[in-house]
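We name chains A, B, ... by the order of the sequence lines, and we start the count at 1 in each one.
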2 protein chains.
Amino acid sequence: MRMGKGVEWAIHTLLNLAVVGGGPVGSVRLADAHGLPAAYLNKQLQQLVKAGLLASTPGPRGGFGLTRPLEEITLLDVVQAIEGDTQLFPCAEIRCQGKIGELAPAPTGACAVKAAMARADRAWREALAGQSLAEIRTELDRTPVFGNIVRSVLG
Amino acid sequence: MRMGKGVEWAIHTLLNLAVVGGGPVGSVRLADAHGLPAAYLNKQLQQLVKAGLLASTPGPRGGFGLTRPLEEITLLDVVQAIEGDTQLFPCAEIRCQGKIGELAPAPTGACAVKAAMARADRAWREALAGQSLAEIRTELDRTPVFGNIVRSVLG
DNA sequence: GGCTTACTACTCGGATACTGCTTGTCCGAGTTCAGGGGG
DNA sequence: CCCCCTGAACTCGGACAAGCAGTATCCGAGTAGTAAGCC
């Protein structure tokens, strides 16, 4: 159980877009920056567009651009955009199946297992929502050369 | 990104084994209790044996039995036994690849993205480790008939 | 009658197919820009 | 000289394959219990 690589790609791409600022950047250039397959990265970026994190402009000089500053983008936003907002624990309600399910009365409350897992799930999501991409960029800016390199590659 | 069904199966099976107490129970009977494919449940239970949560005894009258009380089994134990202890976020270090990777100096510290994701991961694991199966069983015992049904099915 | 022994039935355990999702690739619709022709 | 039009190049967007992990199944190794045979 692990999330797809698209999440890592999306985060780094969002950070790069913020560093370069300015107008939209095409998916090919964004992919070359980290040696990623361009067409597949494009697919992931479309997910970010659907989620409202990016805006896409077609045609020459087109590409993808941020719709809001990094301060307003949390890790949870990115993860949900790429992976969807499904729970980590897929409760199939097997407590209501099989011999036990047939004999037991219809359950009144929610499944205790499901509830416990949901608590952990919530802790994870809150930890993700508590960290914005802006904070991560601050960490990256500890290496001052970084900004120049990104701008030289994507500019 | 969601964990396999085996986790739900394992948790309910562990709870059932605790309720019935006594000697080992075969995988077929455990599977019938919730209408699960017996052979595949067997595969998952083997994972629990490897993790030390269950003990298996072969031959007739054999089966699986708990090795310690529910108080000493956390949700994290079960999840790690079934899913492995890999991180949710698979950092491929793409920051060191592509044009940016070639131009940037060798990174000194850990990846900021990886670190942020690891924090959320830790929050999730701590939430899982903070809940034992005994607490869940307490919830289930709110329905007093439950114990009798489990014993009648597995006895 | 008691003990030994062979047999049967039942269990786990690992090796073997199948399915669905993640990953990866390709081509078409749409738009901007450039260049040529006409007014 | 300025405007319009046509064409081309480049972009996103969704449709189309490949690979792999999760899912499901089956058969063999091993053991407890049983029943028959022997002392």
Do the side chain of [X] and the main chain of [Y] share a donor and acceptor less than 3.5 angstrom apart?
X	Y	answer
A:Q44	A:I82	no
B:N16	B:H12	yes
B:E8	A:A92	yes

Checklist line | salt bridge (Lys or Arg N to Asp or Glu O under 4.0 Å) involving A:E135 - partner list, sequence neighbours excluded | finding: none

Check: salt bridge (Lys or Arg N to Asp or Glu O under 4.0 Å) with A:E126: which residues, sequence neighbours excluded?
Finding: none

Between side-chain atoms of residues 56-70 of chain A and protein atoms elsewhere (two or more places apart, or another chain), which donor-acceptor pairs fall under 3.5 Å?
residue : atom : partner : partner atom : Å
A:T57   : OG1  : A:G63   : N            : 3.3
A:T67   : OG1  : A:G52   : O            : 2.8
A:T67   : OG1  : A:L53   : O            : 3.1
A:R68   : NE   : A:E72   : O            : 3.0

Next item on the list: Take A:R95 and B:L140 through the test side-chain contact (heavy atoms from CB on, under 4.5 Å) and record every step on the way to the result.
Entry: CA-CA 11 Å; A:R95 63 171 177 160; B:L140 293 182; 5.9 Å; no

What pairs of nitrogen or oxygen atoms, one from the protein and one from nucleotides 19-23 of chain D, lie under 3.5 Å apart?
residue : atom : partner : partner atom : Å
D:dT23  : OP1  : B:K5    : N            : 3.4
D:dT23  : OP2  : B:Y40   : OH           : 3.3

Item checked: Closest-nucleotide ordering on DNA chain D, the 5'-leading residue of A:A39 and A:G62 -> A:G62

Next item on the list: Shoot me the first and last contacting nucleotide of DNA chain C against chain B, ordered 5' to 3', at under 4.0 angstrom to non-hydrogen atoms.
Entry: C:dA9 to C:dT22

Note to self: In this structure, how many angstroms lie between the C1' atom of D:dC10 and the CG atom of A:N42, rounded?
What the structure shows: 13 Å

Notebook entry, point to check: D:dG13 C1' sits how many Å from A:L41 CG, rounded?
Noted result: 14 Å

Next item on the list: Check the pair A:F89, B:V7 against side-chain contact (heavy atoms from CB on, under 4.5 Å), reporting the backbone distance first and the verdict last.
Entry: CA-CA 8 Å; A:F89 178 72; B:V7 176; 4.0 Å; yes

Check: Does one side chain, of B:D141 or B:T138, offer a donor that lies under 3.5 Å from an acceptor on the other?
Finding: no

Notebook entry, point to check: Which of these nucleotides, D:dA32, D:dG13, D:dA24, is closest to any side-chain atom of B:P60?
Noted result: D:dA32

Margin query: So that I can tick it off, tell me whether B:E139 and B:R137 are bridged by a salt bridge, with the cut-off set at under 4.0 angstrom between side-chain N and carboxylate O.
Written below: no

Check: Is there a residue in residues 22-30 of chain B whose heavy atoms reach under 4.0 Å of DNA chain D, and which residues are they?
Finding: none

